[in-house]
Amino acid sequence: MDFFMQSLLLTLLTLVASIFVLQKRRKLLVLGSTKSLPPGSFGWPLVGETYQFLFNKIEHFLQERVQKHSSEIFHTHILGESTVVLCGPGANKFVSTNETKLVKVSYMKTQRRFFIIPDQRHAPMPKPTQEAASAAPVKILGILKPEGISRYMGNKIESTMNQHFITHWEGKKEVKVYPLVKAFSLTLGCQFFLGIDGPKFASEFENLYFGIYSVPVNFPGSTYHRALKAAAAIRKEIQILIKEKIDALSKGQVVDDLIAHVVGAEQDGKYVPRLEISNIIMGLMNSSHMPIATTLAFMIKHIGQRPDIYQKILSEHADITISKGSGTALDWNSIQKLKYTWAVAQETMRLYPTAPGAFREAITDITYEGFTIPKGWKIFWAFIGTNKNPKYFHEPESFDPSRFEGNAPVPYTWLPFGAGPRTCPGKDYVRFVVLNFIHILITKFKWEAILPDEKVSGSSIPIPAEGIPIRLHHY
């Protein structure tokens with residue numbers, strides 16, 4: 001070993017040893033000042049328990065520690081920060097009913113980098129009036145309500161779906177569902193959110209989605225690095241689109257899409273926080289594109305494996321097809337009638353969750369279940385902590401849509417969209433798209449899953465190993 005390598009090794013060992021000492025000292029100080037800290041472990045120096053959190057499937061990470069500590073609250077150190085993990089119905093209710101009172105929305109430092117401009121993340125932001133500052137999110141989130149979705153999505157979803165099926169499904173004997181529904185979801189999202197035709201930034205949005213829960217190591221080739229590059233590219237494009245919409249509106253052109261609707265406020269002389277708009281839209285697309293694709297893919301797989309489920313869905317859609325016509329998109333009133341189809345979608349989301357949880361921050365010292373969560377600590381609110389718990393779902397690994405018929409699950413045991421005032425604003429958009437897609441699909445084809453025992457990979461997000469191949473039978 002040459003002198004350089006010896007020096008490098010010695011430096012690394014010294015650094016690790018120093019970090020270990022600081023970590024132990026910090027832990028002792030915390031435990032000394034907060035004797036009622038929840039049970040748990042800070043893990044290894046520097047990395048904490050990040051690797052166990054990300055690479056051992058988050059649901060397994062939760063199960064192992066709940067069993068070890070006999071508690072649904074425990075402390076850990078993930079993604080570079082001290083964190084208390086909360087899971088279980090009681091925790092779900094506690095967090096959702098104490099938004100803004102005891103906890104606030106927060107992101108890990110490593111995650112915040114995705115939704116700000118890197119070289120401006122420490123720069124002061126403009127200070128618009130309160131009215132102007134709140135205009136963007138209010139306008140965007142307002143469009144995501146049922147009436148807004150019906151207005152902006154009616155024609156778009158019908159034409160997009162019909163073109164999608166003509167191009168990718170018609171005349172085929174076999175297809176791989178997962179890549180097809182990813183392309184469809186992104187195409188629709190680009191039209192609805194950005195006002196552009198065709199799927200754009202397919203690899204960027206996929207890299208961003210998987211980068212949210214990745215080891216925050218920023219070097220070329222890493223998942224985190226790819227996600228940072230993807231976020232920068234998407235944000236830049238949205239900023240360009242915002243300018244184009246403003247220019248078009250200023251010339252009196254008619255532009256009817258979400259961005260134009262939001263930035264139209266600038267025509268009245270109001271401040272439009274463009275960075276805020278781009279971040280909100282990027283966040284909404286990121287949180288809807290892959291979840292829609294994943295839910296559709298696994299939903300189609302299970303329908304293709306279960307003739308009983310297929311027949312019940314077919315029967316439910318038959319009456320709507322008679323009244324609306326074949327190949328026609330459904331309005332919100334029709335969507336409300338598809339109770340069994342939505343139960344199948346709900347069971348799919350229970351077994352294949354696309355949002356493992358959300359981060360919050362303690363506004364003050366919080367006492368919960370006899371433990372103290374120190375002010376300023378991050379809280380990982382684990383939505384999926386109950387999804388496969390036999391206490392709440394009998395035979396949790398089985399696919400049983402009847403769980404969501406009639407008697408709903410025990411309150412706060414199933415939260416695919418969160419709960420409380422911060423419930424996911426895109427939940428109606430997801431429901432509208434998923435049910436419309438299944439409606440068109442089941443009126444055109446019967447199908448069967450070719451690989452019923454196909455493996456599912458992915459630590460935080462489920463990924464079908466073979467893309468879910470199915471065999472099609474045309475009507």
Side-chain angles (χ1 to χ4, degrees), residues 16 18-99 101-112 212-216 355-387 389 412 415 418 422 459-460:
V16 171
S18 300
I19 293 171
F20 182 77
V21 170
L22 290 173
Q23 181 89 344
K24 292 291 287 185
R25 182 176 297 174
R26 180 177 63 83
K27 180 177 179 180
L28 290 172
L29 287 172
V30 171
L31 291 174
S33 61
T34 314
K35 295 181 181 179
S36 56
L37 195 70
S41 170
F42 286 109
W44 288 91
L46 189 62
V47 297
E49 293 190 312
T50 298
Y51 284 89
Q52 296 94 319
F53 179 72
L54 295 177
F55 293 140
N56 188 30
K57 288 197 174 183
I58 293 178
E59 61 186 29
H60 294 165
F61 174 88
L62 298 172
Q63 293 168 0
E64 289 171 359
R65 281 151 185 78
V66 167
Q67 292 176 1
K68 178 179 179 180
H69 304 301
S70 299
S71 173
E72 293 184 334
I73 174 174
F74 58 89
H75 78 263
T76 182
H77 193 269
I78 54 175
L79 300 173
E81 299 188 56
S82 298
T83 305
V84 168
V85 177
L86 291 172
C87 54
N92 291 338
K93 181 178 181 180
F94 178 81
V95 176
S96 63
T97 56
N98 282 288
E99 291 275 11
K101 301 174 188 175
L102 299 177
V103 302
K104 65 179 181 180
V105 173
S106 183
Y107 300 93
M108 305 304 258
K109 294 175 184 176
T110 57
Q111 295 178 323
R112 289 199 294 269
I212 295 292
Y213 288 98
S214 67
V215 177
F359 285 99
R360 298 291 185 264
E361 183 178 314
I363 297 174
T364 184
D365 284 354
I366 298 172
T367 299
Y368 178 75
E369 295 291 321
F371 300 111
T372 299
I373 303 173
K375 177 182 177 180
W377 272 42
K378 291 294 187 292
I379 296 171
F380 180 65
W381 177 16
F383 301 157
I384 64 172
T386 51
N387 283 22
N389 190 324
Y412 297 102
L415 303 177
R422 298 290 302 189
S459 55
S460 57

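When all heavy atoms are compared, the tightest approach of Cys87 to Val66 is SG-CG2, 3.7 Å. Closest non-hydrogen pair, Leu37 versus His75, comes out as CD2-ND1, 3.9 Å. The shortest heavy-atom contact between Ser106 and Arg112 is OG-NH1, 4.4 Å. When all heavy atoms of Ala91 and Leu86 are compared, the closest pair comes out as CB-CB, 3.8 Å. In terms of heavy-atom proximity, Glu361 sits nearest to Gly376 at CG-O, 3.8 Å. Annotation for Ile73 and Ser71: closest pair O-OG, 2.8 Å, computed over non-hydrogen atoms.
When side chains are defined from C-beta on, Phe53 does not count as touching Val47, because their heavy atoms never get closer than 4.5 Å. Between Phe74 and Ser41 there is no side-chain heavy-atom pair separated by less than 4.5 Å. Ile373 has its side chain out of reach of Val103: every pair of non-hydrogen atoms, C-beta onward, lies at least 4.5 Å apart.
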- Query: Between Phe55 and Val215, does a side chain to side chain contact (heavy atoms under 4.5 Å, CB included) hold up when you go through it step by step?
  - Reply: CA-CA 9 Å; Phe55 293 140; Val215 177; 3.6 Å; yes
- Item | Full working for side chain to side chain contact (heavy atoms under 4.5 Å, CB included) between Arg360 and Arg422 | CA-CA 11 Å; Arg360 298 291 185 264; Arg422 298 290 302 189; 3.6 Å; yes
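Around the NZ atom of Lys57, the shell of radius 6.0 Å holds more than 12 heavy atoms that belong to other residues, nucleotides or ligands. More than 12 heavy atoms of other residues, nucleotides or ligands lie within 6.0 Å of CZ in Phe371, so this atom counts as buried by the packing criterion.
Between Phe94 and Tyr368, the ring planes are tilted. Angles from 30° to 60° get that label. Ring orientation note: the planes of Phe383 and Trp381 are nearly perpendicular, at an angle over 60° on the 30°/60° scale. Phe42 and His77 have perpendicular rings, their planes meeting at more than 60° on a 0 to 90° scale where under 30° would count as parallel.
Rounding to the nearest 0.5 Å places CG of Leu102 at 8.5 Å from OG1 of Thr97. Here the straight-line distance linking atom CD1 of Ile78 with atom CE of Met108 works out to 4.5 Å at 0.5 Å rounding. Between Thr110 atom OG1 and Leu79 atom CG the span is 4.5 Å, to the nearest 0.5 Å. Atom CH2 of residue Trp44 and atom OH of residue Tyr51 lie 13.0 Å apart, to the nearest 0.5 angstrom. If you take CD on Glu49 and CZ on Phe61, they are separated by 4.5 Å, rounding to the nearest 0.5 Å. Annotation: the span from Gln52 atom CD to Thr50 atom OG1 amounts to 8.0 Å, rounded to 0.5 Å.
At distances below 3.5 Å, not a single donor-acceptor pair connects side-chain atoms of Thr372 with backbone N or O atoms of Pro374. Within the 3.5 Å criterion, the main-chain N or O of Lys109 finds a donor-acceptor partner in the side chain of Glu81. The backbone N or O of Thr83 lies less than 3.5 Å from no partner atom in the side chain of Thr76, so there is not a single donor-acceptor pair. Remark: the backbone N or O of Ile212 is paired with a side-chain donor or acceptor of Gln111 at under 3.5 angstrom.
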